[in-house]
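One structure is given here, and the rest of the page talks about it.
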Amino acid sequence: MTALIAVATALGLALALLTAAAPPAAAADLLSQGRPATSSSTENTSTPASAAVDGNTGTRWSSTFNDPQWLSIDLGATATISQVVLRWEAAYARAFQIQTSTNGTAWTTVHSTSTGTGGVQTLDVNGNGRYVRMLGTQRGTAYGYSLFEFQVYGFGGGTPPGNGIPDPTATSLETANGPLAIATYTVPNPSGYGSGTVTYPTNSGSYPGVVLMPGYQGTQQNLQWLAPRLASWGFVVINVGTNTLTDDPESRGRQITAAGTQLITLGNAAGNPLSGKVNGTLGAVGHSMGGGGVMAALRDDSRFRAGVPTAPYHPNANFSSVTEPTFFLTCQSDSVAHGNTYAVPWYNSMSQTEKLYIEVPGDHLCPMTGSGNKAKQGKWIVSFLSLWLRADTRFSPFLCGPVRDPDKNNTALVTRWMDTCSF
């Protein structure tokens with residue numbers, strides 16, 4: 001196990017804990033993944049409307065080469081819409097509107113621009129409706145309109161957050177396995193990372209995906225304890241091995257992104273056990289350099305809606321731009337990546353997000369398989385990801401308020417606790 005600790009850092013830096021700015025509202029669900037999509041036209045049969053909601057950035061919808069054109073998504077039920085992400089191919093819209101509708105015929109505009117830039121556009125909106133569409137009125141090129149992905153985030157829609165998961169209790173969350181039966185699947189051809197084992201619920205339904213990333217010199221064994229806990233509470237978990245044991249944090253961040261992409265692709269494909277299981281929302285948990293990789297994925301990939309960096313290590317990194325909910329789990333006696341050196345400065349710099357910071361007794365290995373209090377760590381991680389990836393507020397009391405206070409105030413269990421409650 002000592003091979004895991006190849007990087008040593010100087011300790012002793014004392015940092016004042018700053019008061020966090022007021023955070024925004026809870027992160028929303030991805031509502032559009034796999035929903036029915038229609039369009040005013042398609043360029044050809046290989047670019048259908050459905051390709052913009054399949055979670056695969058290698059496929060796309062494209063229209064004929066004239067104005068106006070539209071792409072519409074049926075969310076299945078009325079939802080509150082908070083954000084739209086447009087992933088344009090080279091053929092983008094210079095002028096377009098985002099519109100919502102309760103019936104698919106009468107439309108309300110919630111965003112309008114005549115200066116579209118293409119690329120990846122993340123639009124904060126405020127609207128309600130069962131249907132959401134992009135109405136393009138002026139093309140940015142001589143070609144049509146083309147979207148790799150049209151992602152709609154919000155609350156509600158056709159899939160309730162609970163998805164058959166019973167009400168959690170402190171006792172049920174602290175056991176090794178949750179209420180759902182699970183199985184495992186070995187990824188046959190990992191793409192962009194070394195290896196992957198997926199643990200998933202066997203009952204019907206689709207769930208958020210979670211990528212587990214080990215630290216320096218680590219393997220899938222590092223976070224193996226967490227995979228069945230998360231899966232049995234309603235997540236599709238891919239526990240990955242890296243391309244090489246010495247990959248740096250930025251490389252691990254890219255591998256987290258690659259594993260998330262392949263997990264969604266498997267969920268959209270027929271003929272494997274994950275077909276229909278992945279709803280397109282992603283989160284990540286990582287240890288040490290893998291924790292630094294989680295921060296890089298949150299910074300760089302908008303598909304990742306929450307992250308849990310544990311004993312995270314990433315030298316000379318700035319994560320003040322991260323806006324997704326983040327749970328830092330650190331170890332009091334860590335001589336490799338002490339929270340005062342990495343996690344605390346990052347926590348303090350992230351002024352636009354919900355945050356949780358828990359320091360527990362132990363050395364750098366405290367979040368790994370075989371170390372630390374897994375009953376408590378598991379309860380906190382499952383609750384955090386259930387809240388932010390599924391918007392399941394039933395889990396919030398275990399992180400904020402009187403129900404969590406016995407944990408927070410137990411100095412033998414927790415040596416430092418910071419948060420932006422109430423969540």
Side-chain angles (χ1 to χ4, degrees), residues 1 3-4 176-178 180-202 207-245 247 249 251-267 272-274 277-278 281-298 301 303-304 306-312 327 329 365-372 374 377-378 380-382 384-386 389:
M1 191 65 69
L4 290 160
N177 294 290
L180 303 182
I182 59 175
T184 60
Y185 172 70
T186 300
V187 179
N189 296 295
S191 177
Y193 58 101
S195 62
T197 302
V198 181
T199 309
Y200 62 95
T202 57
Y207 305 90
V210 177
V211 181
L212 304 184
M213 174 59 67
Y216 184 81
Q217 294 283 351
T219 66
Q220 291 185 34
Q221 193 272 343
N222 279 35
L223 295 174
Q224 180 57 45
W225 72 273
L226 185 56
R229 286 177 180 263
L230 284 171
S232 60
W233 280 103
F235 299 92
V236 179
V237 184
I238 180 167
N239 189 5
V240 307
T242 51
N243 290 322
T244 75
L245 295 178
D247 292 332
S251 173
R252 290 168 196 261
R254 293 189 293 271
Q255 292 178 63
I256 288 171
T257 289
T261 296
Q262 188 158 31
L263 191 64
I264 291 172
T265 299
L266 288 167
N272 73 82
L274 306 182
K277 292 286 186 184
V278 187
T281 300
L282 293 173
V285 183
H287 175 251
S288 192
M289 283 191 177
V294 169
M295 296 304 297
L298 291 174
D301 191 336
R303 298 176 303 168
F304 285 85
V308 185
T310 68
F327 169 20
L329 177 63
L365 307 184
C366 80
M368 285 176 45
T369 300
S371 299
K374 293 303 179 246
Q377 293 178 17
W380 299 328
I381 294 173
V382 167
F384 191 83
L385 294 179
S386 295
L389 297 184

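Below, each value reflects all heavy atoms present in this structure, side chains not excepted, and no hydrogens, waters or symmetry copies. Residue numbers run from 1 in the order of the sequence given.
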For this session: Check whether any side-chain heavy atom of L389 sits under 4.5 Å from a side-chain heavy atom of Y207, and report yes or no.
Result: no
Seminar exercise, completed: For F235 and L230, the nearest pair of non-hydrogen atoms, with its separation, is CD1-O, 3.1 Å
Problem set entry | Side-chain heavy-atom pair P214, L223 within 4.5 angstrom cut-off | no
Problem set entry | Shortest non-hydrogen separation from H287 to L365 and the atoms involved | NE2-CA, 4.4 Å
Exercise. Under 4.5 Å between any side-chain heavy atoms of R303 and T261, yes or no?
Worked result: yes
Exercise. Within the distance-only criterion (no hydrogens, no angle test), does the side chain of T369 pair as donor or acceptor with the backbone N or O of Q224 below 3.5 angstrom?
Worked result: yes
Problem set entry | Test item: W225 side-chain N/O and A176 main-chain N/O as donor-acceptor pair under 3.5 Å | no
Problem set entry | Interatomic spacing from OG1 in T219 to CG in N239 - rounded to 0.5 Å | 8.0 Å
For this session: Can you label the angle between the F327 ring and the F384 ring as parallel, tilted or perpendicular, going by 30° and 60°?
Result: tilted
Seminar exercise, completed: Between the OG atom in S288 and the CZ atom in R252, the distance rounded to the nearest 0.5 Å is 8.0 Å
Exercise. Can you name the residues that form a side chain to side chain donor-acceptor pair (under 3.5 Å) with S251, not counting sequence neighbours?
Worked result: Q255
For this session: Would you check if the side chain of N272 reaches a backbone N or O of L266 as a donor-acceptor pair within less than 3.5 Å?
Result: yes
Problem set entry | Results of salt bridge (Lys or Arg N to Asp or Glu O under 4.0 Å) for R254 - residues two or more places apart only | none
Exercise. CG/L282 to CG/L263 distance, rounded to the nearest 0.5 angstrom?
Worked result: 7.0 Å
Exercise. Out of curiosity, I256 CD1 to L212 CG, how far, rounded to the nearest 0.5 Å?
Worked result: 9.5 Å
Seminar exercise, completed: Rounded to the nearest 0.5 angstrom, the CE-OG1 distance for M213 and T242 is 6.5 Å
For this session: To the nearest 0.5 angstrom, please state how far the OG1 atom of T310 sits from the CG atom of L226.
Result: 9.0 Å
Problem set entry | Among P249, P312, P309, the one residue meeting side chain to side chain contact (heavy atoms under 4.5 Å, CB included) with V294 | P309
Pair up each side-chain donor or acceptor in residues 183-193 with any protein partner under 3.5 Å, not counting sequence neighbours, and list the distances.
{"residue": "Y193", "atom": "OH", "partner": "Q262", "partner atom": "OE1", "Å": "2.7"}

Exercise. Given Q377, which of V382, V308, L329 fulfils the side chain to side chain contact (heavy atoms under 4.5 Å, CB included) condition?
Worked result: L329
Exercise. Between L245 and G218, what is the shortest heavy-atom contact and its length?
Worked result: CD2-O, 3.4 Å
For this session: State, to 0.1 Å, how close Q220 and G196 come at their nearest heavy-atom pair, and which atoms those are.
Result: NE2-N, 3.7 Å
Exercise. When you measure from the side chain of K277 to the backbone N and O of P208, does any donor-acceptor pair fall under 3.5 Å?
Worked result: no
Seminar exercise, completed: In terms of heavy-atom contacts, A259 and V240 come closest through CB-CG1, 3.7 Å
